[in-house]
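This report refers to the structure that appears directly beneath it.
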Amino acid sequence: MFTCICFFVLVVQILALFAGAREERKNVVFIVADDLRTSLGCYGDSLVKTPNIDQLASKSLVFLNAFSQQAVCAPSRTSMLTSRRPDTTRLYDFKSYWRTHSGNFSTLPQYFKSHGYFTASVGKVFHPGIASNHSDDYPYSWSIPAYHPASFRFEKAKMCKGEDGKLHANLLCAVNVTEQPGGTLPDMESTDEALRLLKSRADAAQPFLLAVGFHKPHIPFRIPQEYLKLYPLDKMSLAPDPDVPKLLPAVAYNPWTDVRKREDVQKLNVSFPFGPIPEDFQLGIRQHYYGAVSYMDAQVGRLLSALDGMGLTDSTMVVFTSDHGWSLGEHGEWAKYSNFDVATRVPLIMFVPGVTADPDAALEPTFPFIDILSGSEPSFQYDKVVRNMVELLDVFPTVSALAGLRGPKHCPDVSLQVDLCVEGKSLAASFKHQEKKKNAERIAFSQYPRPADMPQENSDLPDLKDIKVMGYSLRTWDYRYTLWLGFNPVTFQVNVSDVHAGELYILEDDPGEDANVYSEFDHSQMMRKMTSLPQNLSLQTRMQLQFHYVTAAMKTSRGTV
């Protein structure tokens, strides 16, 4: 009898522990913008008007130097959501599904679902189409089929009223929303659906992960026309470095082919690949991009204020990020498709109730909606920041830990046969300990494929079979170092001795990455040293060694050591 009682008590204790663990688990609202660079007030942009995201940042931990692993949608999103580098997912274009193409890798939402969460996707979270098996990875990642706004099918149609009064497929496409099909736009529809899902889960005992992907500021800039009033053209300025750097290797250049396909851009007759866009049109692009960011900010505000209204703020962590950045004329480039900071650096903001914000201060709403169109421009303090380099790979393990789950183990160097592991690092400790100094060992890696050494029509987004060169780039506090190496798309092998070009930017002197000093140094001795390294050494480790050798030689030649 005594044994039975003890066993019963033990079972009750175990069940109580599991129940307590479930109670501690936080809901997650995961917000992903599309093509959003760090043009936000909380990242120091004094022109942009993003009060709702800034308000979120004021009550969050803000990672000031977060980088995507490839500056294009499908590879970046797949990499972030699996915490595997593009060389592991083997997805460099839009035309393969990682589970059948490389490995059956678990995803962030799949991990939460396997731990009892209700998971739902609204809008563009995974890249739709082949890259997510035409299902947004349902049912692996989501409890219900993913939602896509019906109005998105008009996004690339002739919806933009031109000066001739006719409709065109333009890049610049500010519209009267009431005249659009259904009287709405995709991100408005996505927000409506997200609010409906939140309401349906507000009183549920089961924790949830709701991922919401906004389409803006991705082109075309089909946005409500009233947001342009926030950015008068006479207040806009050109990029500080609108010219192609003289020593930029041609293989590194992004010829912005998708922008050229728009009817209003075609009328400009800009020469391919380096011809500059006329300055007045450049100002228009920048105006519309900023307007798109403010429009997207308003949708974020609607979503966050709903957490307050439904009593979910104290139990829900919020993650806000983007898949990659976007060039706004820097280096003579537009769009993404490169390894520069403007294309790879992204916002990464994490709100954790009771950790980044004081629950005792919740007498007032945490996220009241701020209507920037009404003229309200509140200011916020951003005293919780991390300046050291982090990667979007780090999101999966970090969110898992902060939500109350035991994070997946770190991947071995070769992990194609390992379904569940992460190549990123958990940043959870950053929420407990204030960053004291810069860490030179924190490095972010990005990469970009090219079909040839010179820009051509498919340089921005080559199919896998056409990739001949891969640009691997590492970013530290002080430098960006890039090597363009020969690549075999059949074997997925990189030829580390086949160096097509290199880039080295000293960020203290050149924060815009405009002066490539790679050719100032003799790299032949370093390359000979690299050939003696073990063949199974990871590319990231190899590049770190190369980088340290180059910078040491640079300091010696400049007399700094």
Side-chain angles (χ1 to χ4, degrees), residues 26 28-33 36-45 48 50 53-69 76 79-81 83 85 108 300 304 316-325 341-358 366 380-405 407 410 422-446 473-480 507-508 511 540 544:
K26 296 177 178 66
V28 180
V29 171
F30 188 87
I31 307 171
V32 187
L36 176 65
R37 55 195 257 159
T38 54
S39 292
L40 299 171
C42 52
Y43 279 80
D45 191 312
V48 76
T50 51
I53 297 172
D54 294 345
Q55 178 174 241
L56 170 66
S58 72
K59 299 172 182 180
S60 303
L61 187 62
V62 180
F63 296 89
L64 295 179
N65 284 298
F67 292 87
S68 65
Q69 276 49 76
S76 175
S79 174
M80 174 174 60
L81 292 167
S83 191
R85 298 189 186 279
L108 168 62
V300 172
L304 295 180
T316 304
M317 66 175 294
V318 179
V319 180
F320 177 86
T321 190
S322 172
D323 51 0
H324 44 71
D341 267 21
V342 286
T344 57
R345 185 171 170 234
V346 296
L348 180 58
I349 301 167
M350 295 189 184
F351 165 80
V352 185
V355 178
T356 61
D358 184 359
T366 305
F380 300 99
Q381 295 291 326
Y382 315 109
D383 55 356
K384 294 182 284 293
V385 299
V386 171
R387 293 181 172 83
N388 281 304
M389 309 300 121
V390 302
E391 302 178 293
L392 286 184
L393 289 174
D394 303 333
V395 169
F396 185 162
T398 304
V399 174
S400 300
L402 294 173
L405 305 181
H410 197 268
V422 292
E423 294 184 7
K425 300 179 178 67
S426 173
L427 307 174
S430 302
F431 292 77
K432 299 179 182 178
H433 308 291
Q434 186 173 3
E435 184 180 68
K436 295 180 179 179
K437 60 181 180 180
K438 68 179 184 181
N439 183 351
E441 298 303 312
R442 291 296 308 198
I443 294 176
F445 288 91
S446 303
S473 186
L474 65 83
R475 172 68 152 81
T476 72
W477 263 95
D478 301 313
Y479 302 95
R480 178 173 287 283
L507 301 176
E508 182 178 3
Q540 286 73 34
Q544 283 182 262

Looking only at atom types and distance, does a side-chain atom of Thr476 sit under 3.5 Å from a main-chain N or O of Tyr479, one as donor and one as acceptor? yes

Ser60 vs Lys384, side chain to side chain contact (heavy atoms under 4.5 Å, CB included): CA-CA, chis, key distance, verdict: CA-CA 7 Å; Ser60 303; Lys384 294 182 284 293; over 6 Å; no

Which value, rounded to the nearest 0.5 Å, describes the distance between Glu435 atom CD and Leu64 atom CG? 8.5 Å

Knowing that exactly one of Glu391, His324, Arg345 qualifies, which makes a side-chain contact (heavy atoms from CB on, under 4.5 Å) with Ser68? His324

Report yes or no: does Ser322 contribute a side-chain atom to a donor-acceptor pair with the main-chain N or O of Pro347 at less than 3.5 Å? no

Checking side chain to side chain donor-acceptor pair (under 3.5 Å) for the pair Trp477/Asn388: CA distance, chi angles, key distance, verdict? CA-CA 7 Å; Trp477 263 95; Asn388 281 304; 2.5 Å; yes

Quick one: closest heavy-atom pair of Ile349 and Cys42, and the distance? CD1-SG, 4.0 Å

Hey, could you give me the CG/CG distance between Asp394 and Leu392, rounded to the nearest 0.5 Å? 8.0 Å

Distance check, rounded to the nearest 0.5 Å: Met317 atom CE versus Leu402 atom CG? 4.5 Å

Taking side chain as C-beta onward, heavy atoms only, is Val346 less than 4.5 Å from Phe67? no

Taking the side chain as every heavy atom from C-beta outward, state whether Val390 and Asn65 have any pair of such atoms under 4.5 Å apart. no

More than 12 heavy atoms of other residues, nucleotides or ligands under 6.0 Å from CZ of Arg387: is that the case? no

Run the side chain to side chain contact (heavy atoms under 4.5 Å, CB included) test on Met80 and Asp323 for me, step by step, so that the C-alpha distance in whole Å, both residues' side-chain angles and the decisive distance to 0.1 Å come before the verdict. CA-CA 8 Å; Met80 174 174 60; Asp323 51 0; 5.6 Å; no

Please check: side-chain N/O of Lys26 versus main-chain N/O of Gly404, any donor-acceptor pairing under 3.5 Å? no

Expected output: side-chain Ser83 to main-chain Gly424 donor-acceptor under 3.5 Å: yes

Side chain to side chain contact (heavy atoms under 4.5 Å, CB included) for Val48 and Tyr43? Distances and angles first, verdict last. CA-CA 10 Å; Val48 76; Tyr43 279 80; over 6 Å; no

Pairwise distance OG1(Thr321) to CD1(Ile31) - rounded to 0.5 angstrom: 10.5 Å

Show the numbers, then the answer: is there a side chain to side chain contact (heavy atoms under 4.5 Å, CB included) between Leu348 and Val395? CA-CA 9 Å; Leu348 180 58; Val395 169; 4.0 Å; yes

Closer than 3.5 angstrom, by distance alone: can the side chain of Ser426 be matched with the main-chain N or O of Ala428 as a donor-acceptor pair? yes

Verify, without hydrogens or angle tests, whether Gln69 (side chain) and Ser76 (backbone) share a donor-acceptor contact under 3.5 angstrom. no

Report the C-alpha distance between Lys59 and Asp54 in whole Å, list the side-chain angles of each, state the deciding distance to 0.1 Å, and finish with yes or no for salt bridge (Lys or Arg N to Asp or Glu O under 4.0 Å). CA-CA 9 Å; Lys59 299 172 182 180; Asp54 294 345; over 6 Å; no

Any chance you could lay out the salt bridge (Lys or Arg N to Asp or Glu O under 4.0 Å) test for Asp341 and Arg37, step after step, and finish with the verdict? CA-CA 9 Å; Asp341 267 21; Arg37 55 195 257 159; over 6 Å; no

Got a second to check how far Phe445's CZ is from Leu474's CG, nearest 0.5 Å? 5.0 Å

Point-to-point distance, once rounded to the nearest 0.5 Å, from CD1 of Ile53 to CG of Leu36: 6.5 Å

All heavy atoms of Phe431 vs all of Leu427, minimum pair found to be CD1-O, 3.6 Å

Do you know which two heavy atoms are closest between Pro397 and Leu393, and how far apart they sit? CD-O, 3.4 Å

Quick one: do Arg475 and Thr344 satisfy side chain to side chain donor-acceptor pair (under 3.5 Å)? Show the steps, please. CA-CA 10 Å; Arg475 172 68 152 81; Thr344 57; over 6 Å; no

